[in-house]
Amino acid sequence: MRSHTCGQLRAEDEGRRVRLAGWVNRVRNLGGFCFLDLRDRYGMIQVVFEPERQELMDAAGRLHMESVILVEGVVRRRPGSMANQELATGEIELLAESCKLLSRADVLPFTLEAEDTAGEDLRLKHRYLDLRRPTKSRYLLLRHRMAQAVRRTLDGLEFLEVETPILMKSTPEGARDYLVPSRIHAGCFYALPQSPQTYKQLLMVSGFDRYFQIVKCFRDEDLRSDRQPEFTQIDIELSFGDELDVQDTAEAVMAGLFREIKGEELPLPLPRLTWREAMDRFGSDKPDLRIPLEIRELGALAASSNFGVFQQALEQGGVLRGLVFPGLAEEFSRKKIDALQDYARHLGGQGVVVVRWTAEGLSSQIGKFTGEEWLKSAVAAAGATQGDLLVLAAGEYRLVCKLLGNMRLRLAKEHGLLDASAHKLLWVTDFPMFEYDDEEQRWMAAHHPFTQPNAEQLAAGVPESDLLSRGYDLVMDGQEIAGGSVRIHEREMQARVFRMLGISDEEAQEKFGFLLEAFRYGTPPHAGCAFGFDRLVMIFGGTENIRDVIAFPKTNRAASPMDGCPGRVDARQLDELHLKIVGDKPGGDA
RNA sequence: GGACCGGUAGUUCAAUCGGUUAGAGCGCCAGCCUGUCACGCUGGAAGUUGCGAGUUCGAGUCUCGUCCGGUCCGCCA
């Protein structure tokens, strides 16, 4: 139908007779002349209609924006100074000799502009229109190129791409499952995979000693700007290797992406921090190392502070820590400090204490308890100088880390202390094996229940609360982009970890019996990891909205305004699935 | 489950202290216009102020509820 695409023609094509098809981006009808910008995925070109073909020109002048047309004509150089520098095809134009309307477009529900001018709900309802904008479609192009680069790297390293089931068994640990009722097995359900974790371990038992998959995963949890109910992982597993082999592989994947997408060499190996060190210094298990600020331990000052909150925190086994923000003292008015307090309290606990060191001296809301001398010793211990802002937090270790870690991120972003042009990657290792769940009153796997615990600690009888795992996360610019672990490959060890998690032998047998049985027949030591592919595309694409990098994303309430899912189904369908809706509320429509 | 922000013409926004007929840009419709590229000019049409109650002489504006979108907390092995 078309001989070329809209972004393809250049000055050297002058005189060529071509047929172009695409969308009418804009019509400029000057009366005696009519210009039309024709657009497709590849670019845009100006089509000109001249009065020599009056009827054709009039018809073109009446075209609606976003109608689809086929134009035949001759490429010609634009006269004199009429070239458009902003357009790749700007030196030429197409003189139309015929124009066929392939599909007339109604008036659009919103106008297609470079910026996100229309509301997101409207753009999601008409996602296919939103994706016509090059500023949006470029994310999908990038995603494609990244997926291909990953495949090339892993294929080159002899990793085999194997597909695993989408309909699987529901598992107790982890996120809430999406369930699929079975028609054939009354009262039984499949679950959609939260990840192909057990399958890839079984593939190791099968002897596919290097596996990968770019695969959809599903978790029925509440959404965020970087979380969707269905998302994509680059899933990797290898046999006869340990954490270093997996990390080498993941680094090769990242190096390939940097080379192919950014044209840069990623310096390897990447730096490593233990979980404890990351928490201590940056208040986060996914520290953003683009911010040159570190948390300071100030516990020794608590007793002399004369401030109850600090004193009690230390007495109860907590910590007192501070973070210095260079040069921000003058910028922090009363109002800004209040806003900071609100944010801190929003995160939990009693909030933070702010000490300002301005030209007038030291000031703080706790100055009346501590006195000036104590404030002086605090800023000295924290390494502040005049003009700096010191933020203090006291209490339980993880809460203090969370508070100061969040302050670090927020203030650095707001005040330009973050170099957004750079990328900082690192491995975080030695995660805690378990975390105590107050709600369920039991220990939960911090990573997942197939992660190997630290062998020496286990042999030495270290309590659950202090036990470290052989898990690791890859962090880029403050985001966890991959996580993995050395897996348990011995049945006895796996059973022991299940028991530590409060999973009875019977339940383990019922839920994971197939895996435990597989381990009986010769299991290679294995390890692996999984990248959050959507987040990776977000970082490379420079967006903070995960919906940008997914062709058809869901809203905050896990719905699609475009096709109206989730929707109701016929009574007949329910009958077949042996389901009955109870407590039915109107709202979702079929 | 909780906190906060938003919802006014097709669309993006405005509307003073609660007060006349709810305005403007873009788009749309009609007309004019021979080098535009966000073309320009003239005129016109276009509104259940998300929905439902309440307060009031009077509600886009205040109150309550509800729905939708977004950001965050909880949650996300």
Side-chain angles (χ1 to χ4, degrees), chain A residues 25-37 44-52 54 57 61-62 64-66 78-87 89-90 93 106-126 171-177 194-195 197-198 217-229 231 339 342-349 402 406 410 431 433-435 437-440 443-451 469 471 480 483 485 497 501 503 530 532 544-545 547 554-557 559 561 585-588:
Chain A
N25 197 69
R26 196 169 268 278
V27 179
R28 292 179 294 280
N29 186 357
L30 274 65
F33 255 115
C34 183
F35 298 99
L36 180 157
D37 293 332
M44 193 145 74
I45 186 170
Q46 174 165 281
V47 182
V48 59
F49 296 85
E50 290 193 332
E52 282 72 31
Q54 186 72 45
M57 192 182 78
R62 285 192 299 271
H64 274 198
M65 283 196 291
E66 297 304 314
R78 294 201 194 183
S81 57
M82 299 305 160
N84 184 344
Q85 308 294 333
E86 319 241 304
L87 217 56
T89 61
E93 62 192 1
D106 282 351
V107 176
L108 263 54
F110 59 95
T111 39
L112 307 184
E113 294 172 56
E115 305 80 40
D116 289 348
T117 46
E120 187 158 15
D121 43 349
L122 200 64
R123 289 187 289 113
L124 283 177
K125 182 166 183 188
H126 304 277
T171 51
E173 293 281 301
R176 194 176 294 114
D177 281 325
Q194 298 174 26
S195 82
Q197 182 62 37
T198 48
C217 302
F218 306 85
R219 292 177 192 176
D220 187 5
E221 296 292 345
D222 287 346
L223 277 50
R224 286 288 188 281
S225 62
D226 63 350
R227 259 169 29 197
Q228 283 272 304
F231 60 99
D342 286 347
Y343 178 60
R345 274 191 285 269
H346 183 63
L347 294 169
K402 179 175 160 186
N406 274 286
R410 182 185 160 115
F431 278 80
M433 182 75 189
F434 303 109
E435 278 168 1
D437 187 302
D438 295 323
E439 215 168 288
E440 294 213 13
W443 291 96
M444 307 279 278
H447 183 56
H448 58 55
F450 314 111
T451 302
S469 80
E480 181 200 324
S485 63
V497 168
L501 290 168
I503 299 173
E544 307 217 318
N545 184 345
R547 295 179 294 277
K554 306 274 191 291
T555 67
N556 252 353
R557 298 189 65 245
K585 275 192 292 186

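What you see below is based on every heavy atom in this structure, not just the backbone, and it leaves out hydrogens, waters and symmetry mates. Letters go in sequence order (proteins before strands), and every chain restarts at 1. Just so it is clear, the model here is predicted, and its values are computed rather than measured.
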**OP:** Run the numbers on Glu221(A) and Arg227(A) for salt bridge (Lys or Arg N to Asp or Glu O under 4.0 Å), then give the verdict.
**Re:** CA-CA 9 Å; Glu221(A) 296 292 345; Arg227(A) 259 169 29 197; over 6 Å; no
Subject >> Candidate pair Glu50(A) and Phe33(A), rule side-chain contact (heavy atoms from CB on, under 4.5 Å), full reasoning >> reply: CA-CA 5 Å; Glu50(A) 290 193 332; Phe33(A) 255 115; 3.5 Å; yes
**OP:** Kindly say whether Val48(A) contributes a backbone atom to a donor-acceptor pair with the side chain of Glu93(A) at under 3.5 angstrom?
**Re:** no
**OP:** Write down the distance separating the C1' atoms in U16(B) and U61(B), rounded off to the nearest Å.
**Re:** 11 Å
**OP:** Check the distance between C73(B)'s P and Arg345(A)'s CZ and give it to me in whole angstrom.
**Re:** 17 Å
**OP:** Looking at every strand, decide which applies to Arg176(A) at a 4.0 Å heavy-atom threshold: base, sugar-phosphate, or nothing.
**Re:** nothing
Original post:
Roughly how far apart, to the nearest Å, are A22(B) and G69(B) at atom C1'?
Top reply: 24 Å
Original post:
Ignoring hydrogens and angles, are the base of G74(B) and the side chain of Arg224(A) linked by a donor-acceptor pair under 3.5 Å?
Top reply: yes
Subject >> Residue whose closest nucleotide on RNA chain B lies nearer the 5' end, Ser195(A) versus Thr555(A) >> reply: Thr555(A)
Original post:
Expressed in angstrom and rounded to an integer, what is the separation of Asp222(A) atom CG from G74(B) atom C1'?
Top reply: 8 Å
Original post:
Does U11(B) have a Watson-Crick or wobble mate here (both distances under 3.5 Å), and if so which one?
Top reply: G25(B)
Subject >> Glu221(A) CD to C73(B) P, straight-line distance once rounded to whole Å >> reply: 14 Å
Original post:
In B/S/- notation, 5' to 3', how is nucleotides 2-11 of chain B contacted by protein heavy atoms closer than 4.0 Å?
Top reply: B-------SS
**OP:** Figure out the NZ/P separation between Lys402(A) and C72(B), and round it to whole Å.
**Re:** 14 Å
**OP:** Applying ring-ring contact (aromatic ring centres under 6.0 Å, His included), name anything that partners Phe231(A), two or more places apart in sequence or on another chain.
**Re:** none
Subject >> Length of the NZ-C1' vector between Lys125(A) and G70(B), whole Å >> reply: 18 Å
**OP:** Could you let me know what G47(B) is paired to, Watson-Crick or G-U wobble, both distances under 3.5 Å, or none if it's on its own?
**Re:** none
Original post:
Do Arg219(A) and C76(B) share a donor-acceptor pair, side chain to base, under 3.5 Å?
Top reply: no
Original post:
Base, sugar-phosphate alone, or nothing: which one does Thr451(A) contact when heavy atoms must sit under 4.0 Å apart?
Top reply: nothing
Original post:
Taking the P atom of each, how far is G58(B) from A53(B), in whole Å?
Top reply: 16 Å
Subject >> Under 3.5 Å donor-acceptor, Arg176(A) side chain and Asp220(A) backbone >> reply: yes
Original post:
Rounding to the closest angstrom, what is the interatomic distance between G27(B) and C39(B) at atom C1'?
Top reply: 16 Å
Original post:
Any idea how Trp443(A) and Phe434(A) line up, ring-wise: parallel (<30°), tilted (30 to 60°), or perpendicular (>60°)?
Top reply: perpendicular
Original post:
If we take the C1' atom in both A59(B) and G52(B), what is their distance in whole Å?
Top reply: 15 Å
Original post:
Quick one: Asp106(A) CG to C29(B) C1', roughly how many Å, whole number?
Top reply: 15 Å
**OP:** Name the pairing partner of U63(B), where a pair is Watson-Crick or G-U wobble with both distances under 3.5 Å, or state none.
**Re:** A53(B)
**OP:** Can you measure from OG1 (Thr89(A)) to CG (Asp37(A)) and round to the nearest 0.5 angstrom?
**Re:** 8.5 Å
**OP:** Once you apply the 3.5 Å cut-off to both distances, tell me the Watson-Crick or G-U wobble partner of A3(B), or none.
**Re:** U71(B)
Original post:
Counting N and O atoms only, with roles assigned by atom type, does the side chain of Gln228(A) sit under 3.5 Å from a partner on the main chain of Leu223(A), one being a donor and the other an acceptor?
Top reply: no
Original post:
C4(B) and U56(B): how far apart are their C1' atoms, nearest whole angstrom?
Top reply: 30 Å
Subject >> Atom CZ of Arg410(A) with >12 non-hydrogen neighbours under 6.0 angstrom >> reply: yes
Original post:
In terms of the nearest nucleotide of RNA chain B, which residue is placed more toward the 5' end: Met444(A) or Arg547(A)?
Top reply: Arg547(A)
Subject >> Atom-pair distance (CD on Glu66(A); P on C28(B)), nearest Å >> reply: 11 Å
Original post:
Do the ring planes of His448(A) and Phe450(A) sit parallel (below 30°), tilted (30 to 60°) or perpendicular (above 60°)?
Top reply: tilted
Original post:
Applying a 3.5 Å limit to both distances, which nucleotide forms a Watson-Crick or G-U wobble pair with C32(B)?
Top reply: G40(B)
Subject >> Base-contact (B) and sugar-phosphate-only (S) positions in nucleotides 30-40 of chain B, heavy-atom cut-off under 4.0 Å, - elsewhere >> reply: ---BBBBBSB-
**OP:** Could you give the distance separating U34(B) and G47(B) at their P atoms, to the nearest angstrom?
**Re:** 35 Å
Original post:
Where the side chain of Arg78(A) meets the backbone of Gly90(A), is there a donor-acceptor pair that is under 3.5 Å apart?
Top reply: yes
Subject >> Atom-to-atom span, CG of Asn556(A) to C1' of G69(B) - whole angstrom >> reply: 8 Å
Subject >> Distance between P atoms of G44(B) and U49(B) (Å, rounded) >> reply: 25 Å
